[in-house]
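Notes to accompany the following structure.
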Amino acid sequence: MKRTKIKALLATEPTGQTVLAQGWVRTFRNNQFIALNDGSTINNIQAVVTLNSLDDTILKRITTGACLSITGELIPSPAKGQSVELKVTALEILGDSDAEKFPLQPKKHSLEFLREIAHLRSRTNTFGAVMRMRHAMAFAVHQFFHERGFFYIHTPIVTGSDAEGAGAMFRVTTLDANKPPRDEQGNVNFKEDFFGRETNLTVSGQLEGETYALALGDIYTFGPTFRAENSNTTRHLAEFWMIEPEMAFFDLQDNMQLAEEFLQYLVRYALQHCADDLEFLHKRAQEEEATKPQEQRSELGLLDRLRFVADNDFQRLSYTEAIDILKNSNPNKKKKFQYLVEEWGVDLQSEHERFLVEKHFKKPVILYNYPKDIKAFYMRQNEDGKTVAAMDVLFPGIGEIIGGSQREERYERLLNRIHEMHLPEKDLWWYLDLRKFGSAPHAGFGLGFERLMLFVTGMTNIRDVIAYPRYPGNAEF
């Protein structure tokens with residue numbers, strides 16, 4: 001008999017039909033009631049064992065974490081909170097689980113503890129819900145772009161370029177770490193390395209993505225990126241996933257419009273297709289909020305935050321306007337901001353971004369036209385000589401969730417900027433070539449997938465929205 005997933009069984013009209021369910025035991029009560037879960041849904045199906053129908057040796061092996069194959073009749077359930085249950089006619093234990101040693105017991109575990117057993121945390125309600133939602137959001141990303149005629153480009157993971165100019169990159173090498181070859185100046189001779197040059201894990205697929213946007217029109221990348229920042233925070237990972245669309249013939253206004261449509265599409269998809277998991281995560285977030293001091297609690301619950309984004313047009317204003325608002329705000333005047341806003345040109349902190357979204361406008365915000373000195377070399381320079389056509393999308397609880405810009409399509413302007421920032425022109429020759437041969441206005445943005453997942457799940461640590469987090473000092477599993 002073919003297995004039916006528990007999600008489908010729970011949605012089936014029960015008529016006493018014989019079905020096969022397979023999954024892992026969550027609880028076993030009174031030697032009679034098995035709560036079985038197979039990961040297809042956050043909900044368990046109750047399998048009822050007729051008293052004295054199984055040997056004691058079998059009953060003792062039905063423990064939390066054990067894997068079972070159950071054949072039975074699907075019947076209406078008399079119990080509250082479930083419409084169907086399984087009347088067991090045959091039961092096979094596929095995998096035993098020692099109840100004394102299995103680290104996941106039917107109780108609440110701390111997220112810190114679960115990170116130590118990341119190979120098993122997927123069997124908890126919390127991580128099952130997070131990972132099902134991660135799948136749903138990844139699917140929605142591809143669906144959004146496919147519906148709009150974008151092409152999915154796989155940009156390289158190993159690269160010789162540093163898109164951000166940040167320098168915090170992981171080196172890729174096959175050279176002997178203890179005795180690397182040296183050149184005449186005594187420096188490591190990367191000409192003898194595998195690729196014949198110094199290479200790293202990518203921090204962004206943007207630059208390579210631009211080359212395809214200027215051939216195919218609208219493209220996007222969605223892949224792993226890496227940053228070797230020694231940041232041990234709840235918002236940073238060393239390995240994370242980025243979604244980066246690049247669009248030919250787009251200006252800054254087009255870019256902002258697409259970013260707004262994209263985020264609203266994803267949030268609405270979550271609300272429509274992940275109702276059970278969202279309801280669980282909403283309640284979980286409420287319980288977590290209740291443990292915080294009153295002044296640290298969020299004004300909006302998880303579902304309210306999602307509707308806040310789905311139902312509101314985003315407020316657009318320039319960086320200059322935002323600085324004026326922040327300088328004159330009560331938290332700034334009363335010195336309640338950790339970083340006071342005193343002059344034009346400062347880089348905004350998360351507390352400033354959240355104030356604009358949550359307190360001042362009470363809607364998502366898109367800031368644009370940032371000072372060029374705090375932005376990357378590839379952003380299009382505005383005619384005022386001070387700002388670039390950059391934009392950031394700000395969300396409640398998160399701050400910046402998208403960063404993007406119109407790209408500098410003018411060869412001389414781009415070349416001068418590369419020189420100003422002391423970037424290696426020889427490594428960017430191919431990027432400059434795009435401005436020599438049929439250059440066109442174009443724009444794009446980046447969305448950190450894990451930042452999105454923090455927002456849609458209500459989780460508070462980015463290490464808990466990726467299967468196996470990589471961060472300073474940790475590459476376990």
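Predicted, not measured: the structure shown is a model, and the values here were computed from it.
Within a 6.0 Å radius of NZ in K335, other residues, nucleotides and ligands contribute 12 heavy atoms or fewer. In this structure, D313 places its CG atom where only 12 or fewer heavy-atom neighbours from other residues, nucleotides or ligands lie under 6.0 Å away. Y212 OH: 12 or fewer foreign heavy atoms inside a 6.0 Å radius. Environment of CZ in F194: sparse, with no more than 12 heavy atoms of neighbouring residues, nucleotides or ligands closer than 6.0 Å. At most 12 heavy atoms of other shown residues, nucleotides or ligands fall within 6.0 angstrom of atom CZ in F249. Within 6.0 Å of CD on E147 lie more than 12 heavy atoms contributed by other residues, nucleotides or ligands. When the shell of 6.0 Å around NZ of K7 is examined, it contains 12 or fewer heavy atoms from other residues, nucleotides or ligands. No more than 12 heavy atoms of other residues, nucleotides or ligands lie within 6.0 Å of NE2 in H146, so this atom counts as exposed by the packing criterion.
Side-chain contact annotation: D193 with T173, donor-acceptor N/O pair under 3.5 Å present. Remark: the E261 side chain and the Q257 side chain contain an N/O donor-acceptor pair separated by less than 3.5 Å.
For the pair H109 and P103, the tightest heavy-atom approach, listed with the atom from each and the gap, is CE1-O, 3.5 Å. Between G65 and W24, the closest heavy-atom pair is O-CD1, 3.6 Å. Closest approach of G404 and D392 over heavy atoms only: N-OD1, 4.2 Å. When all heavy atoms of M133 and L281 are compared, the closest pair comes out as SD-CD1, 3.7 Å.
With rounding to the nearest 0.5 Å, the separation of CG in L114 from CG in L120 is 9.5 Å. Here the straight-line distance linking atom CG of L326 with atom CG of L356 works out to 4.5 Å at 0.5 Å rounding. Here the CD1 atom belonging to I401 is positioned 5.5 Å from the CG atom belonging to L263, to the nearest 0.5 angstrom. Interatomic distance, NE2 of H154 versus OG1 of T221, reported as 9.5 Å (0.5 Å rounding). E408 CD to H442 NE2: the interatomic distance, rounded to the nearest 0.5 Å, is 9.0 Å. Here the straight-line distance linking atom CD1 of I243 with atom NE2 of H142 works out to 8.0 Å at 0.5 Å rounding.
Y339 places none of its side-chain heavy atoms less than 4.5 Å from the side chain of V346. Using a 4.5 Å heavy-atom cutoff, the side chains of N255 and Y368 are not in contact. Contact check for E198 versus R171: side-chain heavy atoms found under the 4.5 Å cut-off. Residues S329 and H360 have side chains not in contact (no heavy-atom distance under 4.5 Å, counting atoms from C-beta outward). You'll find the side chain of E260 stays beyond 4.5 Å of the side chain of V393, heavy atoms only. Taking 4.5 Å as the limit, every side-chain heavy atom of K5 sits out of range of all side-chain heavy atoms of T41. Two residues are said to be in side-chain contact when any heavy atoms from C-beta on lie closer than 4.5 Å; E208 and W430 meet this criterion. The side-chain heavy atoms of I462 and Y471, taken from C-beta on, include no pair separated by under 4.5 Å.
With N369 as the partner, the side-chain hydrogen bond (donor to acceptor under 3.5 Å, both in side chains) test is satisfied by one option alone out of N382, T387, T320: N382. Among F145, F449, Y152, the one residue that satisfies the ring pair (Phe, Tyr, Trp, His ring centres under 6.0 Å) test with F222 is F449.
A side-chain donor-acceptor contact under 3.5 Å links T225 to the backbone of F240. In terms of modelled atom types and a separation under 3.5 Å, the side chain of R121 and the main chain of A467 share a donor-acceptor contact. A donor-acceptor pair under 3.5 Å links the side-chain atoms of T233 to the main chain of R235, judged by distance alone. Checked by atom type and distance alone, the side chain of R417 never pairs as donor or acceptor with a backbone atom of F377 at under 3.5 Å. Within the 3.5 Å criterion, the main-chain N or O of E409 finds a donor-acceptor partner in the side chain of S439. In this structure a side-chain-to-backbone donor-acceptor pair under 3.5 Å is present from N37 to G39. Of the possible donor and acceptor atoms, none in the side chain of T199 sits under 3.5 Å from a partner among the backbone N and O of V158. With hydrogens and angles disregarded, a donor-acceptor distance shorter than 3.5 Å links the side chain of D384 to the backbone of K386. With Y378 contributing its side chain and L414 its backbone, the two residues share no donor-acceptor pair below 3.5 Å. Side-chain N or O atoms of N328 include one that pairs as donor or acceptor with a backbone N or O of D324 at under 3.5 Å.
Scored by the salt bridge (Lys or Arg N to Asp or Glu O under 4.0 Å) test, E229 finds no partners at all (sequence neighbours excluded). Legend: residues meeting side chain to side chain contact (heavy atoms under 4.5 Å, CB included) with F477, ordered by chain and number and at least two apart, are A118, H119, Y468. With sequence neighbours excluded, no residue satisfies salt bridge (Lys or Arg N to Asp or Glu O under 4.0 Å) with R26.
One finds no salt bridge joining E287 and R284 here, because no Lys/Arg side-chain nitrogen approaches an Asp/Glu carboxylate oxygen to under 4.0 Å. In summary, D38 and R3 engage in a salt bridge, as defined by a charged side-chain N under 4.0 Å from a carboxylate O. A salt bridge does not link D183 with K191: none of the charged nitrogens is closer than 4.0 Å to a carboxylate oxygen. A salt bridge is absent between E412 and R410: the closest approach of a Lys/Arg side-chain nitrogen to an acidic carboxylate oxygen does not fall below 4.0 angstrom. Salt bridge status for R413 with E383: present, with a side-chain N to carboxylate O gap under 4.0 Å.
Note on ring orientation: taking the six-membered ring where Trp is involved, the planes of Y265 and F144 are perpendicular (angle over 60°, cut-offs 30° and 60°). Taking the six-membered ring for Trp and thresholds of 30 and 60 degrees, Y269 and F139 have ring planes inclined between 30 and 60 degrees apart. Between F395 and F455, the two ring planes are tilted [angle within 30° to 60°].
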Output, in order, the C-alpha distance, side-chain angles, deciding distance and verdict of salt bridge (charged side-chain N to carboxylate O under 4.0 Å, His left out) for E116 and R463.
CA-CA 11 Å; E116 295 172 7; R463 298 172 185 179; over 6 Å; no
What's the verdict on salt bridge (charged side-chain N to carboxylate O under 4.0 Å, His left out) for R380 and D251, showing C-alpha distance, side-chain angles and the deciding distance?
CA-CA 10 Å; R380 193 180 201 275; D251 63 15; over 6 Å; no
Tell me, with the steps shown, if L454 and T234 meet side-chain contact (heavy atoms from CB on, under 4.5 Å).
CA-CA 10 Å; L454 281 178; T234 58; over 6 Å; no
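For residues 345-355, the set of pairs meeting the side-chain hydrogen bond (donor to acceptor under 3.5 Å, both in side chains) definition, not counting sequence neighbours, comprises R354-E358. For residues 424-447, the set of pairs meeting the salt bridge (charged side-chain N to carboxylate O under 4.0 Å, His left out) definition, not counting sequence neighbours, comprises R197-D427, E210-R435, D433-K436. Residue pairs meeting the side-chain hydrogen bond (donor to acceptor under 3.5 Å, both in side chains) criterion with at least one member in residues 444-462, sequence neighbours excluded: R134-E450, E288-T460.
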